[in-house]
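Each remark here refers to the structure printed beneath this line.
Lettering of chains follows the sequences in order, A, B, ..., and the numbering in each one begins at 1. Since the structure is predicted, the reported quantities are computational estimates derived from the model, not experimental observations. Hydrogens, waters and symmetry mates are skipped; everything else that's a heavy atom, side chains included, is used.
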Amino acid sequence: MQRDFKFTVHDRLDGALARTGTIHTPHGDIQTPAFIPVGTQATLKALTPEQLSDTGAQAMLANAYHLYLRPGHQVVDAAGGLNKFMNWNKPTFTDSGGFQVMSLGAGFKKVIDMKGDAVEKPLTKKEKLAWIDNEGVRFKSHLDGTIHKFNAELSMQIQHGLGADIMFAFDELTTLYDDRAYQEESLRERTHPWALRSLAEHKRLTEARAGKPYQALFGVVQGANYEDLRRECCRFLAEQDFDGFGLGGAFTKENLGEIVGWMGEELPEDKPRHMLGISEPDDIFDCIENGADTFDCVSPARVGRNGALYTPEGRINIKGAKYRTDFSPIFEGCDCYTCQNYTRAYVHHLFHAKELLANTLATIHNERFIVRLVDDIRTSITAGTFHDLKAAWLARYYARDI
RNA sequence: GCAGGGUUAGUGAAGUGGUCAAACACGGUUGACUGUAAAUCAACUCUCUCCGAGUUCGUAGGUUCGAAUCCUACACCCUGCA
């Protein structure tokens with residue numbers, strides 16, 4: 001069938017893997033590199049889709065597991081797909097539920113963080129909500145405790161029902177605390193076979209649902225921080241008929257760029273690469289420099305809801321007492337709706353009063369901040385000034401720590 | 001006026017002889033958050049020369065080896081009866 005999906009590379013950065021491009025989807029184009037905000041449950045928490053669109057976000061990513069449990073992918077399908085269901089007229093992505101294999105299983109809370117020195121805190125049997133085998137995963141619903149079996153085929157059925165423009169293959173996200181033997185086993189016995197099964201089911205559903213807008217499928221690269229495993233995974237996936245790739249897994253901050261670089265070297269140049277779950281500014285620079293095209297992450301929204309707001313000079317905690325009578329915007333020069341209209345003191349007050357508007361204003365600011373950063377990086381690649389921008393930007397952002 | 005109940009750290013509120021500087025909640029301060037079980041979580045929140053010490057539980061005395069806890073007086077608040 002005719003694929004209404006296309007990735008075009010425009011500009012490349014000399015001496016690096018960075019590139020700009022356009023991802024064409026049935027619901028519009030995405031200029032890359034791009035940051036894709038996450039609306040897990042078909043909404044970016046605290047924002048209307050229109051408010052999210054106004055931040056400059058070019059697409060949004062939702063989650064198969066969460067929407068399967070509630071309201072049910074059949075409901076979204078009956079509504080006419082994610083776009084119609086949530087009144088969002090730009091491209092959409094859905095995650096496969098692979099992240100939940102980890103987050104509800106071995107990796108809840110501390111175990112998933114990116115600091116190599118984090119203390120392992122194994123879950124008790126009672127706390128654990130997911131059990132993996134090579135067939136798939138059994139989940140205990142975090143909503144009502146019911147047991148659900150999840151696998152590659154079901155993930156694809158859900159994602160086709162949701163109707164996102166870009167879907168991800170069902171994978172296993174390992175943690176930094178799993179040893180080499182487990183990483184190999186996970187990659188070869190689950191992530192690889194699950195990728196093939198996802199692709200097969202995807203093809204079946206694409207034919208069965210002929211007439212619906214084309215949905216692209218990205219294979220997901222795992223392999224933790226092992227170079228040979230990462231390259232092995234890339235070569236394996238590159239041979240398959242995927243439309244693009246998700247770069248997933250547990251990373252440590254120190255060598256994130258290096259790991260992405262291995263994948264950037266192995267993966268075909270003419271297919272887009274999506275960084276799963278990355279959005280800290282330094283990480284974004286490193287990933288783009290090494291060939292990543294798009295990013296999704298909950299962090300700007302979550303940290304914003306918890307009072308951490310981005311500025312070019314680092315994050316500030318707006319709940320802090322020093323902002324009580326600070327009547328300046330979050331930072332001078334920010335073009336977001338929040339900074340155009342409100343002060344630090346007002347946002348500070350909203351947080352202390354536990355007003356819902358605090359979440360909205362903070363989220364708008366943070367999403368705009370990261371979207372704009374990636375937009376600026378895109379411009380710098382075209383202009384050939386990426387390295388200057390990176391050096392100057394990060395020096396200013398982290399100046400307070402030095 | 002008589003009878004009964006009450007007065008605990010910023011607030012509310014446990015505690016009725018030692019394990020009490022005193023539960024818990026809120027408030028406050030600081031920090032964390034990277035394919036969302038997150039409008040969440042953690043630490044601290046009497047004072048100090050803070051791995052130890054010093055002052056607290058309406059006020060003042062007293063009993064006791066030891067009191068926020070028992071006794072006496074006083075102050076204030078609440079509820080009945082006058």
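With both pairing distances under 3.5 Å, B:U29 is matched to B:A43 as a Watson-Crick or G-U wobble pair.
In this structure, A:Glu355 reaches neither bases nor backbone, as no heavy-atom distance under 4.0 Å exists between it and the strands shown. No engagement by A:Ala358 is indicated, since no non-hydrogen atom pair under 4.0 Å with the nucleic acid exists. Within the nucleic acid shown, A:Asp296 comes within 4.0 Å of sugar-phosphate atoms alone, with no base atom in reach, counting heavy atoms only.
Here the side chain of A:His66 is nearest to one of B:U34, B:G35, B:U36, namely B:U36. Side-chain proximity of A:Leu129 to B:C33, B:A37, B:U34: nearest is B:A37. When the nucleotides B:U34, B:A39, B:U36 are ranked by their closest atom to the side chain of A:Asp283, B:U34 comes out on top. Residue A:Ala301 has its side chain nearest to B:U36 when only B:C33, B:U36, B:U34 are considered. Listed nucleotides: B:G35, B:A32, B:A37. Nearest to the side chain of A:Ser96: B:G35. Each of B:A39, B:U34, B:G35 was ranked by its minimum atom distance to the side chain of A:Arg305; first place goes to B:A39. The nucleotide whose nearest atom lies closest to any side-chain atom of A:Asn63 is, among B:U36, B:C33, B:U34, B:U36. Ranking B:A39, B:G35, B:U36 by closeness to the A:Cys297 side chain, first place goes to B:G35. Which of B:G35, B:A37, B:A38 sits closest to the side chain of A:Asp95 comes down to B:G35.
Partners of A:Asn225 under the side chain to side chain donor-acceptor pair (under 3.5 Å) rule, at least two apart in sequence or in another chain, do not exist in this structure. Not counting sequence neighbours, the partners of A:Tyr337 by the ring-ring contact (aromatic ring centres under 6.0 Å, His included) test are A:Tyr342. Listed by chain and number, the residues in a side chain to side chain donor-acceptor pair (under 3.5 Å) with A:His387 amount to none (sequence neighbours excluded). Applying the side-chain contact (heavy atoms from CB on, under 4.5 Å) test to A:Ala301 and every residue at least two apart in sequence or in another chain returns A:Leu44, A:Arg305, A:Thr363, A:Glu367. With sequence neighbours excluded, the residues satisfying salt bridge (Lys or Arg N to Asp or Glu O under 4.0 Å) with A:Glu266 are A:Arg231, A:Arg235. With sequence neighbours left out, the ring-ring contact (aromatic ring centres under 6.0 Å, His included) criterion links A:Phe93 to A:His274. Among residues two or more places apart in sequence or in another chain, the salt bridge (Lys or Arg N to Asp or Glu O under 4.0 Å) test is passed with A:Asp296 by none. Scored by the side chain to side chain donor-acceptor pair (under 3.5 Å) test, A:Arg138 finds no partners at all (sequence neighbours excluded).
Within 6.0 Å of the NZ atom in A:Lys203, the count of heavy atoms belonging to other residues, nucleotides or ligands exceeds 12.
Side-chain nitrogen and oxygen atoms of A:Ser103 include none within less than 4.0 Å of the OP1 or OP2 phosphate oxygen of B:U36. Between A:Arg302 and B:A32 there is no side-chain N or O to OP1 or OP2 distance below 4.0 Å.
The stretch residues 143-174 of chain A touches RNA chain B through A:Asp171, A:Leu173, each having a heavy atom within less than 4.0 Å of the strand. For RNA chain B, the residues of residues 33-57 of chain A within the heavy-atom distance limit of 4.0 Å (strictly under) are A:Val38, A:Thr40, A:Lys45, sorted by number.
Comparing the same atom, C1', in B:A53 and in B:U34 gives a spacing of 45 Å after rounding to whole Å. When the C1' atom is compared between B:U55 and B:A39, the two are found 41 Å apart, to the nearest whole Å. Remark: the separation of the P atoms in B:U19 and B:A23 is 13 Å, to the nearest Å. Between B:C20 and B:C46, the two C1' atoms lie 14 Å apart (nearest whole Å).
We find that A:Arg368 and A:Asp335 are joined by a salt bridge, their nearest charged nitrogen and carboxylate oxygen being less than 4.0 Å apart.
The NE2-P distance, from A:His142 to B:A37, rounds to 7 Å in whole Å.
The ring-ring contact (aromatic ring centres under 6.0 Å, His included) analysis of residues 16-62 of chain A, with sequence neighbours excluded, yields no pairs.
Residues A:Phe245 and A:Phe218 place their aromatic rings such that the two centres sit no closer than 6.0 Å.
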Atom pairs under 3.5 Å: protein N/O with N/O of nucleotides 28-30 of chain B:
{"unit_1": "B:G28", "atom_1": "OP1", "unit_2": "A:His352", "atom_2": "ND1", "d": "3.2"}
{"unit_1": "B:U30", "atom_1": "OP2", "unit_2": "A:Ala321", "atom_2": "N", "d": "3.4"}

